[in-house]
Amino acid sequence: MRAPTECPAWQGLAKHAESIRGRHLRTLFADEPARGDRMTLEAAGLVLDYSKNRVTDETLDLLVRLASECGLRERITAMFAGEKINVTEKRAVLHVALRAPADERIIVDGRNVVPDVHAVLARMAAFSARIRSGGWLGYTGKPIRNIVNIGLGGSDLGPVMAYEALRHYSPHELSFGFVSNVDGTDFTEVTRGLDAAQTLFIVSSKTFTTLETLTNAHAARSWVVQRLGDERAVSRHFVAVSTNAEAASKFGIDRANLFGFWDWVGGRYSMDSAIGLSTMISIGAEQFQAMLAGFRAMDQHFRSAPFERNLPVLMGLLAVWYNNFFDAQTAAILPYDQYLRKFPAYLQQLTMESNGKHVTRDGARVDCQTAPVYWGDRGTNGQHSFFQLLHQGTRLVPCDFIGFCRSLNPLGGQHDLLMANLFAQTEALAFGRTADEVRAEGTPEWLVPHRVCDGNRPSNTILADRLTPATLGTLVALYEHSVFTQGVIWNIDSFDQWGVELGKALAQRVIPELQSVDEPPLAHDSSTNALIRRYRRRREGA
Ligand code: F6P
């Protein structure tokens, strides 16, 4: 497989970028008054306005050619067919199977996995219904009212993001908490004030080996047993979600209380698998199915739409354009919806754990930049903190704005204020304010340079009618496939995460050095040795 940089389209883009760099969005819009309409696409209930990007038709043609030259069509086909495209872990990548209809056949190692998916969904639905109706009783006979998910990474970020995003659809009599950090504060604060007799813990871990999750699960176990006075309480207050049934059962989870999934579901692609159990308890099985339908609608669009009209492909290609041809080092995710406040954090794992790679699929060093740093916050809050840099900083930060036409909580005219700000920000970023415009406002000359906004700062705007479970599914799938598109262009394995291993292994070495009673011999570097010694001297009880 040749490097993307060797593709004729890449070389064409490098040359073409020189001419685009000097063109302003003001000119592009002035030259074509209908640009905004023409560069807007709609699919699966999402509208993408990509007109405020620093692109012309030639740019888009070249980007689409790059996708073809990099084999994107073949790679999409391979993913949907269950081929082992996660080459370093020798695994299929089939989050799309999690939302496949029951009559579809997707074969992995000779087995149709779709019936397995639907069998787990049916068990999740039955269990969720019992919890929601109060039919599942805790050890002392009281119904469960508090659900606490214990997990980390994809086993936390998906559940907590989906809960927050869809809490409008969640019954008020149930409370939901999410424990992820090994810092004891997390568990303590989440469980503060909860009645153990009415609390269910969902231990979510794909591998069931994650140190933080197992530590928190043990803390939860002691918390339950201490309060309810009996080991036998565990089976009424714990369920697990994992691909590792053996480890879950070693922990003491009944097989009947285990919801499984499969190694072909990546952690950061798992919120619609059994990892979404807390989501299903929160919104109910029917709404969960609606969310899956939303995912599926975007899957079908991604699979079938021509690249030039394909939302995730275009978004992925635009991300490559700024990353590799404008040297953009970061990208901002700006949802104008309070319910989506965890969405940027969710996307950080999805984008950066997937595409933060320095070698190609065959192990050669990449010869171009891969994933930018993703960050962001909800609007309008961000406007009053970091937007200054977006408008007048020295870096180019491509932005994704996400908004909804209808509010779930209409309060006076507040939704119009929220959306007015979203539209105004995209306008201000694109067109800025010239020195003459500033002067015309009566600004004294010395202040003029400070008030000028150069503009020409690109953004996508994603609009949907309302934040529903289906919309959320569609939105997440949009980004999943955009990430896939970028990974294909860079020819990296978007589905492994070897970079997280080293830190974990080193921590295993440091733990006994902190815990040993006697001063341990230390063989780290001088900085790490000194930090460990200082910590041992100064820590509580030392
Ligand atoms: O350390 C990174 C990681 O492996 C993520 O990829 C994953 O989502 C997270 O840890 C949690 O893993 P698990 O679900 O196996 O506990």
Side-chain angles (χ1 to χ4, degrees), residues 25-26 48-49 52-54 157 160-161 163-168 319 322 328-352 372-435 437-444 446-464 466-467 471-472 475 479:
L25 280 165
R26 281 184 210 127
L48 169 68
D49 177 343
K52 293 192 185 91
N53 280 289
R54 294 172 66 175
L157 288 163
V160 71
M161 183 279 287
Y163 169 68
E164 290 287 342
L166 301 176
R167 63 188 295 174
H168 179 78
Y322 296 118
Q329 291 166 4
T330 80
I333 306 291
L334 308 164
Y336 274 59
D337 190 299
Q338 183 66 16
Y339 284 126
L340 287 183
R341 71 198 179 102
K342 299 271 183 195
F343 197 58
Y346 173 80
L347 285 190
Q348 283 185 323
Q349 187 198 13
L350 182 68
T351 57
M352 295 200 274
V373 173
Y374 280 83
W375 58 283
D377 194 5
R378 69 233 186 262
T380 60
N381 295 44
Q383 290 176 207
H384 302 276
S385 59
F386 54 78
F387 268 56
Q388 165 63 35
L389 181 149
L390 298 183
H391 288 289
Q392 287 189 318
T394 51
R395 294 176 190 283
L396 179 84
V397 184
C399 301
D400 286 354
F401 287 84
I402 303 168
F404 299 92
C405 298
R406 284 188 278 153
S407 170
L408 293 172
N409 297 297
L411 189 62
Q414 289 193 205
H415 195 63
D416 287 346
L417 301 187
L418 178 72
M419 294 304 288
N421 273 280
L422 184 161
F423 300 135
Q425 290 299 326
T426 68
E427 197 177 359
L429 285 166
F431 303 106
R433 181 168 54 184
T434 63
E437 286 165 350
V438 171
R439 278 189 199 103
E441 289 168 6
T443 307
W446 65 268
L447 194 55
V448 169
H450 296 278
R451 293 196 62 215
V452 165
C453 288
D454 292 337
N456 215 14
R457 295 172 185 236
S459 67
N460 289 312
T461 302
I462 299 163
L463 275 186
R466 239 163 34 114
L467 178 52
T471 321
L472 182 70
L475 198 56
Y479 278 96

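Positions are given from 1, in the same order as the sequence printed here.
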Check your understanding: Can a donor-acceptor pair be found between the side chains of K52 and T426 at a distance below 3.5 Å?
Key ->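 Side chains of K52 and T426: pair found under 3.5 Å.
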List in chain and number order the residues that pass side chain to side chain donor-acceptor pair (under 3.5 Å) with [X], two or more places apart in sequence or in another chain; answer none if no residue qualifies.
{"X": "Q392", "answer": "Q388"}
{"X": "H391", "answer": "Q425"}
{"X": "Q338", "answer": "R378"}
{"X": "N421", "answer": "Q383"}

Under 3.5 Å, which donor-acceptor pairs link side chains of residues 394-408 to any protein atom two or more places apart or in another chain?
unit_1: R395; atom_1: NH1; unit_2: Q329; atom_2: OE1; d: 3.1
unit_1: D400; atom_1: OD1; unit_2: N460; atom_2: ND2; d: 3.0
unit_1: D400; atom_1: OD2; unit_2: Y479; atom_2: OH; d: 2.7
unit_1: S407; atom_1: OG; unit_2: N409; atom_2: N; d: 2.9
unit_1: S407; atom_1: OG; unit_2: N409; atom_2: O; d: 3.3

Practice item. Name all pairs fulfilling the salt bridge (Lys or Arg N to Asp or Glu O under 4.0 Å) condition that reach into residues 332-351, sequence neighbours left out, sorted by first residue then second. Key: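 Of all non-adjacent pairs touching residues 332-351, those that pass salt bridge (Lys or Arg N to Asp or Glu O under 4.0 Å) are E164-R341.
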How long is the gap from [atom1] on [X] to [atom2] on [Y], to the nearest 0.5 Å?
{"X": "C453", "Y": "L390", "atom1": "SG", "atom2": "CG", "answer": "11.0 Å"}
{"X": "F343", "Y": "L157", "atom1": "CZ", "atom2": "CG", "answer": "12.0 Å"}
{"X": "I333", "Y": "L350", "atom1": "CD1", "atom2": "CG", "answer": "9.5 Å"}
{"X": "Y339", "Y": "Y163", "atom1": "OH", "atom2": "OH", "answer": "9.5 Å"}
{"X": "L334", "Y": "T380", "atom1": "CG", "atom2": "OG1", "answer": "11.5 Å"}
{"X": "L467", "Y": "L475", "atom1": "CG", "atom2": "CG", "answer": "8.5 Å"}

**Study point:** Stepwise side-chain contact (heavy atoms from CB on, under 4.5 Å) test for L472 and L166
**Key:** CA-CA 8 Å; L472 182 70; L166 301 176; 3.8 Å; yes
Check your understanding: Does R54 reach the main-chain N or O of P458 with its side chain, forming a donor-acceptor pair under 3.5 Å?
Key ->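 Here the side-chain-to-backbone pair does not exist.
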Can you list the residues that meet the ring pair (Phe, Tyr, Trp, His ring centres under 6.0 Å) rule with [X], with sequence neighbours excluded?
{"X": "F423", "value": "none"}
{"X": "Y322", "value": "F326"}
{"X": "F431", "value": "F29"}

Practice item. State whether R433 and E441 are salt-bridged, where the test is any N-O pair (Lys NZ or Arg NE/NH1/NH2 against Asp/Glu carboxylate O) under 4.0 Å. Key: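 Salt bridge present between R433 and E441.
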Exercise for review: Output all residues satisfying side-chain contact (heavy atoms from CB on, under 4.5 Å) with Q414, sequence neighbours left out; order by chain, then residue number.
Suggested key: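 For Q414 the side-chain contact (heavy atoms from CB on, under 4.5 Å) partners, ignoring immediate neighbours, are L411.
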Practice item. Kindly write out the residues that satisfy salt bridge (Lys or Arg N to Asp or Glu O under 4.0 Å) with R439, not counting sequence neighbours, or none if the list is empty. Key: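 R439: salt bridge (Lys or Arg N to Asp or Glu O under 4.0 Å) contacts with D436, E445.
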Point to revise | Qualifying residues under salt bridge (Lys or Arg N to Asp or Glu O under 4.0 Å), relative to R466, sequence neighbours excluded | key: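 With neighbours one apart ignored, the set is empty.
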Point to revise | Derivation of the side-chain contact (heavy atoms from CB on, under 4.5 Å) call for E437 and V448 | key: CA-CA 9 Å; E437 286 165 350; V448 169; over 6 Å; no
Practice item. Check the surroundings of atom CZ in R26: do more than 12 heavy atoms from other residues, nucleotides or ligands lie under 6.0 Å from it? Key: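 Yes.
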Practice item. Please report the closest heavy-atom contact between T471 and A464, naming both atoms and the distance. Key: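 Closest approach of T471 to A464: CG2-CB, 3.5 Å.
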